[in-house]
Amino acid sequence: MPYSIGLQSAANAFVSAGFAIQFTVAVITFFAIILITSSFQKDAPDAPDYLPGMSLFHIVPFYQRRFDFLNWGIHATGQSIFQFKLLRIPSVRGVTTDLQNKRIATIHKRVVAAQREGHLTALMPQLLEDSRKVMERWGNSGKFDPFEKIYELTFQTTIRSLSCSEIADDLELVPRIKQLYDQLDTGTTPSTILLPWLPSWAMAKKLWSTKEIYDIIVDAVKKRQDLLTTISEGERPQDTMQLLLDAGDDRMAVVGFIMGLLIAGARATGTSGSWLVTFLASHPEWASKARIEVEELIASHTDSRVSGGAISQTLKCIPLEVWERSTPVLDALIKETLRVAQPHTAMRRNVGPEFYIDGKRIPSGAYVVYPFSDVHLDEDIYEDAWKFDPGRWLNGDETETKGEKGVPFGYVGWGGGKHMCLGTRLAKVELKLIVSMFLLGFDLSIVDKHGKSKDELPKPNWNDILLCRPPKGSFYLGFERKEGILL
Ligand code: HEM
């Protein structure tokens with residue numbers, strides 16, 4: 001058979017080929033275009049240097065070994081600012097994605113309202129009760145993986161804080177929603193970035209999870225709206241969903257708020273909680289300082305009858321203001337945990353005209369990516385930067401964005417500039433209550449898979465962009481309920 005030569009005959013051959021061949025040719029052509037265009041990329045004099053190598057090979061490490069990849073970029077270019085092509089930045093739809101300014105302002109207002117003193121004060125006993133129930137299920141002693149069990153616990157308290165009692169009280173629904181959010185978090189893979197148009201399994205799972213979460217929350221809002229028609233004003237539940245409905249938000253606004261804030265809050269609280277308890281288990285001197293702090297609060301804010309009872313009941317008696325203003329050790333522990341074990345990379349798109357960072361031009365439409373490790377693990381800002389040392393922060397202002405040596409924006413654990421975390425108040429209260437339950441109720445230690453004590457301290461793995469989690473199974477938390485203590 002003669003060879004067909006020429007565009008027309010090639011096109012005919014392509015059209016008459018089977019799907020498998022057409023698909024393969026399409027994928028090869030796609031990659032070829034990327035390879036060719038990336039080899040033509042030229043640096044403008046004031047543009048950041050490009051990473052060496054083909055852009056195609058930067059995608060996998062950006063998602064799978066981000067910390068090593070970005071550090072390599074700094075060494076490879078010899079520059080602190082460099083550029084690379086990712087094809088596209090995936091976005092999990094956030095609270096404010098694509099919304100009008102007015103809608104964003106309303107959401108901000110509601111987040112503030114959900115953390116007002118009265119609302120948080122009413123929430124605190126429920127968070128303690130949730131913690132007690134989850135901890136009771138663990139038994140008296142054993143070992144667990146903090147990235148599973150503590151994350152489950154913080155997920156429960158975050159759901160309680162941001163949604164409604166119908167969902168938070170449902171023992172089957174909360175783990176189900178957690179699983180769906182996990183699927184959303186892990187649904188971004190190099191293949192969904194490279195071939196976004198390919199109907200992959202990961203992509204389908206992501207869409208399906210979003211729809212499932214949506215259905216669950218819509219259903220809860222509908223049920224609440226029905227309930228409101230049958231009860232009197234005084235019988236109304238007091239939770240965040242009710243707060244939104246009372247403020248006049250329509251069903252879709254309530255659903256959007258809850259779904260979005262769970263994305264913003266649940267994972268960050270889970271990562272921080274898992275590491276905070278892990279650090280207490282591996283730094284007994286700090287666990288002891290924190291325990292003394294909580295015991296002193298109990299001594300000065302509860303009467304002896306209450307302080308002899310269950311811990312969750314005792315801790316309820318400490319007012320919000322005391323948790324917020326009189327816990328320097330807990331504050332320092334949280335601040336240091338976010339510094340060494342929160343692997344966040346801030347991402348922004350330049351939606352305005354071009355601008356310059358350190359003399360490098362950032363064109364309109366470009367994304368800027370900033371890993372928190374840049375300051376948090378910088379030896380020029382922090383002495384022995386990898387060392388967990390809450391003592392750095394004692395006597396300081398725990399919300400300050402200055403680093404250890406007063407470096408402006410040397411600390412960004414709660415963000416910086418215009419986009420500071422809007423849930424800081426709630427997250428801190430949640431973490432303090434949970435940690436206090438641990439400090440008073442359990443003896444903790446770091447153990448191996450056989451439950452044997454381990455000397456090697458767990459080290460945060462910044463390449464894991466979600467939990468900073470070291471390899472699975474590399475350590476566990478051994479726990480033993482303190483004798484005679486009721487949770
Ligand atoms: C320990 C837990 C938490 C940590 C460490 C944390 C940390 C952060 C950080 C670093 C940012 C800035 C991100 C960036 O600039 O790219 C942020 C933003 C945000 N956080 Fe949190 N967060 C936590 C919990 C929460 C909770 C519980 C909520 C919900 C009530 C929440 C709501 C938000 C929102 C809405 C934003 C976006 C603010 C904006 O863009 O203006 N966060 N958070």
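Predicted model only: the values in this text are computed from it and were never measured. Side chains included, hydrogens not; waters and symmetry mates left out as well; all remaining heavy atoms used. Residue numbers start at 1 and run along the sequence shown. We count ligands from 1, going down the list as the structure has it; atoms in each ligand are counted the same way.
Below 4.0 Å from some heavy atom of T269 lie the following atoms of ligand 1, by number and element: 1 (C), 2 (C), 24 (C), 27 (C). Interface of A346 with ligand 1, defined as ligand atoms under 4.0 Å from a residue heavy atom, comprises 16 (O). Near F372, with a cut-off below 4.0 Å to any heavy atom, the atoms of ligand 1 are 10 (C). The atoms of ligand 1 that sit less than 4.0 Å from any heavy atom of L261 are 35 (C).
Ligand 1 has L338 within reach: a non-hydrogen atom of the residue lies less than 4.0 Å from it. At least one heavy atom of L162 sits under 4.0 Å from some atom of ligand 1. Using a 4.0 angstrom heavy-atom cutoff, R348 counts as in contact with ligand 1. In this structure, G413 counts as a contact residue of ligand 1, since one of its heavy atoms falls inside 4.0 Å of the ligand. Heavy atoms of M420 approach ligand 1 to within less than 4.0 angstrom.
Residue S272 holds the heavy atom nearest to atom 1 (C) of ligand 1 of all those in S161, A266, G417, S272. Between G415, A341, A114, C421, it is C421 that holds the heavy atom closest to atom 20 (N) of ligand 1. Of the options G270, A268, G265, G423, the smallest heavy-atom separation from atom 32 (C) of ligand 1 is shown by G423. For the residues R425, R267, H344, the heavy atom positioned nearest atom 16 (O) of ligand 1 is part of H344.
Two residues are said to be in side-chain contact when any heavy atoms from C-beta on lie closer than 4.5 Å; L153 and S131 meet this criterion. At least one side-chain heavy atom of V369 sits less than 4.5 Å from a side-chain heavy atom of F62.
E430 and T157 form a side-chain donor-acceptor contact under 3.5 Å, judged by distance and modelled atom types alone. For the 3.5 Å distance criterion, the side chains of H344 and T271 fail to qualify, holding no donor opposite an acceptor.
By the 6.0 Å and 45° rule, K402 does not stack over the aromatic ring of Y411.
Taking 4.0 Å as the cut-off between side-chain N and carboxylate O, E136 and K133 do not count as a salt-bridged pair. Remark: E212 does not engage K205 in a salt bridge, criterion side-chain N to carboxylate O under 4.0 Å. Salt bridge status for D331 with K432: present, with a side-chain N to carboxylate O gap under 4.0 Å. Between E336 and R392, at least one side-chain nitrogen of the basic residue sits less than 4.0 Å from a carboxylate oxygen of the acidic one, meeting the salt-bridge criterion.
At a 4.0 Å heavy-atom cut-off, ligand 1 touches Q342 through the side chain alone. At a heavy-atom distance under 4.0 Å, only side-chain atoms of A427, from C-beta outward, approach ligand 1.
Between H419 and ligand 1, a contact under 3.5 Å exists for at least one N or O pair.
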Walk me through it: do W275 and F147 pass the test ring-ring contact (aromatic ring centres under 6.0 Å, His included)?
CA-CA 8 Å; W275 274 107; F147 302 101; 5.5 Å; yes
